[in-house]
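Letters go in sequence order (proteins before strands), and every chain restarts at 1.
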There are 2 protein chains.
Amino acid sequence: MGVIENAIDTIKQMIIDGEFRPGQKLPVEKGLAEQLGIARSTLREAVRALIAMRVLQTRQGDGTYVTSLSPALLLDGMSFVADIHLHAGTGEFLHVRRILEAEATALAAARIPDDDLVVLGKLLDEAEGLAAQSEIDHGQLVALDQDFHSLITSHCGNAVLAAVIQNMSGRTVRARIWRGMTDPEAVQRTLAEHRAVYRALLARDADRARIHAAMHVLGVEESLTGSRSFGDADRE
Amino acid sequence: MGVIENAIDTIKQMIIDGEFRPGQKLPVEKGLAEQLGIARSTLREAVRALIAMRVLQTRQGDGTYVTSLSPALLLDGMSFVADIHLHAGTGEFLHVRRILEAEATALAAARIPDDDLVVLGKLLDEAEGLAAQSEIDHGQLVALDQDFHSLITSHCGNAVLAAVIQNMSGRTVRARIWRGMTDPEAVQRTLAEHRAVYRALLARDADRARIHAAMHVLGVEESLTGSRSFGDADRE
DNA sequence: AACTCCAATTGATCCGATGAATATGGTACG
DNA sequence: CGTACCATATTCATCGGATCAATTGGAGTT
């Protein structure tokens, strides 16, 4: 095994063993490099790999720190995977999201506080107001859509589940979905589905919430795979 | 934004744009560094980050290549996330796995070829033979368990779904589950659940397969969260 | 006590050199 | 002509040091 891979594993293990704890500051580069018996540039490459995994974080002039290591943080590299597979695998990612989001929405039905139900209602109102305009601001709709879904899933009681869903459709995918909705009717249908989910949550009805959430994502899936209007059909 | 982050994004974008395709060889380090206007060591740190994401791969003496970029490859960094959260978040990961594996098993009921059903049966026979010994080889059981589950989920018809499940319970988690089964009765129960899933698949009964798969993972969840026999209860 | 400013600390970036692994092309042999 | 072997060039791996830039913390001032 290479020196760098070795250093990466050593640092990882030190974290797993609790020698370095979340939020803790690591020794200075020179010191840590000597401790591991490697050159400073080599250590930097190892550190850089761990930064990419969101395990470490550096602040120039200050030091290198272990991140919070929260699932949400560590799993957010997944959105890049979703983005890079825009061409072929979008449907597969959405399928996973459908399975998880249906379940998370059902779980949230029993847990979401009344306050946040009010917020959801306001998000819906805002989105519907936006969609009624002659010039639809798709960027704003994407943001509202993201807020709506993540507010719900954040109350499913499982941080890992919420994080996976969040990253399952990356920002690029989500933006593309809404951008593809040139048909005003599709926008209306999507908003109606959102409201159906909202009503099920209001009624604290987990089963209805699950079904409406699944239906909603399924509608998105079909609008993407059904109508090949995205210019990617040329590749196998 | 830092020079390195810039380089990482540039290379990513070149891949997304198709300038660098899967399997393709990148320019030599010195050349690419000059092209991006950065020093070679800086480029190496960027490349190292992309290697950690499984986007690039280097072969000393040969060159740097773009990987296949398959979802299975890109998502396999997730298992590290699962491993690092052994202490607190195991239950949450298993919950996600339960949701996904139930669905994947149901999907596989209609798709798994007869040949692989035969293989599944053999895996079960082997595991049961192993469990009947006086000295149980837990390592071997873990391997068979992994083969059993991944053979099923690989036939769910969705590579992303299969990859996420595969990584949802990392090797460390899985090993720990089996190691925790000091009670021979628990081993027998687990094997019985495996066989129930197998029978449902044989009958091509998606609903039964889904329920038995969910039941199986749930049993594992409860054996972990119910009996705090893993020495991690000292941390909050 | 609060503020300003400077110096030490620390990561960011660059550079050049050497080592190690691989591929390639040529050469000798069958 | 084809194959096996070998020398060499190519390329990544690792190293050590130099300089730049950002942050911090304390000295000095008000």
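Contact between the side-chain N/O atoms of T64(A) and the OP1/OP2 oxygens of dT10(C) is not found at any separation under 4.0 Å.
Rounded to an integer number of Å, the gap from CG of L32(B) to P of dT11(D) is 13 Å. One interatomic measurement links the two molecules: CD of Q57(A) to C1' of dA12(C), which rounds to 15 Å at whole-angstrom precision. Straight-line distance from the CD atom of E29(A) to the C1' atom of dA18(D): 14 Å, rounded to whole Å. As rounded to whole Å, 19 Å separates atom P of dT10(D) from atom CG of L26(B). Between the CD atom of Q60(A) and the P atom of dG11(C) there is a distance of 10 Å, rounded to whole Å. Atom CD1 in I4(A) sits about 16 Å away from atom P in dA20(C), given to the nearest Å. Here the P atom of nucleotide dT19(D) and the NZ atom of K30(A) are 15 Å apart, to the nearest Å. Rounding to whole angstrom units, CG of residue D62(A) and P of dT23(D) are separated by 9 Å.
Rounding to the nearest 0.5 Å places CD of E19(A) at 10.5 Å from OG1 of T10(A). Taking OH from Y198(B) and CG from D125(B), the interatomic distance works out to 7.5 Å, rounded to the nearest 0.5 Å. Rounding to the nearest 0.5 Å places OG1 of T58(A) at 8.5 Å from CD1 of I4(B). Distance CG/L123(A) to CG/D145(A): 10.0 Å, rounded to 0.5 Å.
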task: Please test R48(B) against E5(A) for salt bridge (Lys or Arg N to Asp or Glu O under 4.0 Å), starting from the C-alpha separation and ending with a verdict.
output: CA-CA 10 Å; R48(B) 184 57 55 177; E5(A) 283 76 14; 3.0 Å; yes
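Of the candidates dA20(C), dT14(D), dG11(C), the closest approach to any side-chain atom of T58(A) belongs to dG11(C). Here dT10(C) is the nucleotide among dG19(C), dT10(C), dC15(D) with the atom lying nearest to any side-chain atom of V28(A).
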Show me the donor-acceptor pairs within less than 3.5 Å that the side chains of residues 61-73 of chain A make with the rest of the protein, sequence neighbours left out.
residue : atom : partner : partner atom : Å
D62(A)  : OD1  : Y65(A)  : OH           : 2.8
D62(A)  : OD2  : R59(A)  : NE           : 3.2
D62(A)  : OD2  : R59(A)  : NH2          : 2.1
D62(A)  : OD2  : Y65(A)  : OH           : 3.0
T67(A)  : OG1  : R54(A)  : O            : 2.9
T67(A)  : OG1  : V55(A)  : O            : 3.3
T67(A)  : OG1  : L69(A)  : N            : 3.2
S68(A)  : OG   : S70(A)  : N            : 3.3
S70(A)  : OG   : L73(A)  : N            : 3.3

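Within residues 36-52 of chain B, the residues having any heavy atom closer than 4.0 Å to DNA chain D are, in order of number, R40(B), R44(B).
H149(B) and H216(B) have parallel rings, their planes meeting at less than 30° on a 0 to 90° scale where 60° marks the start of perpendicular.
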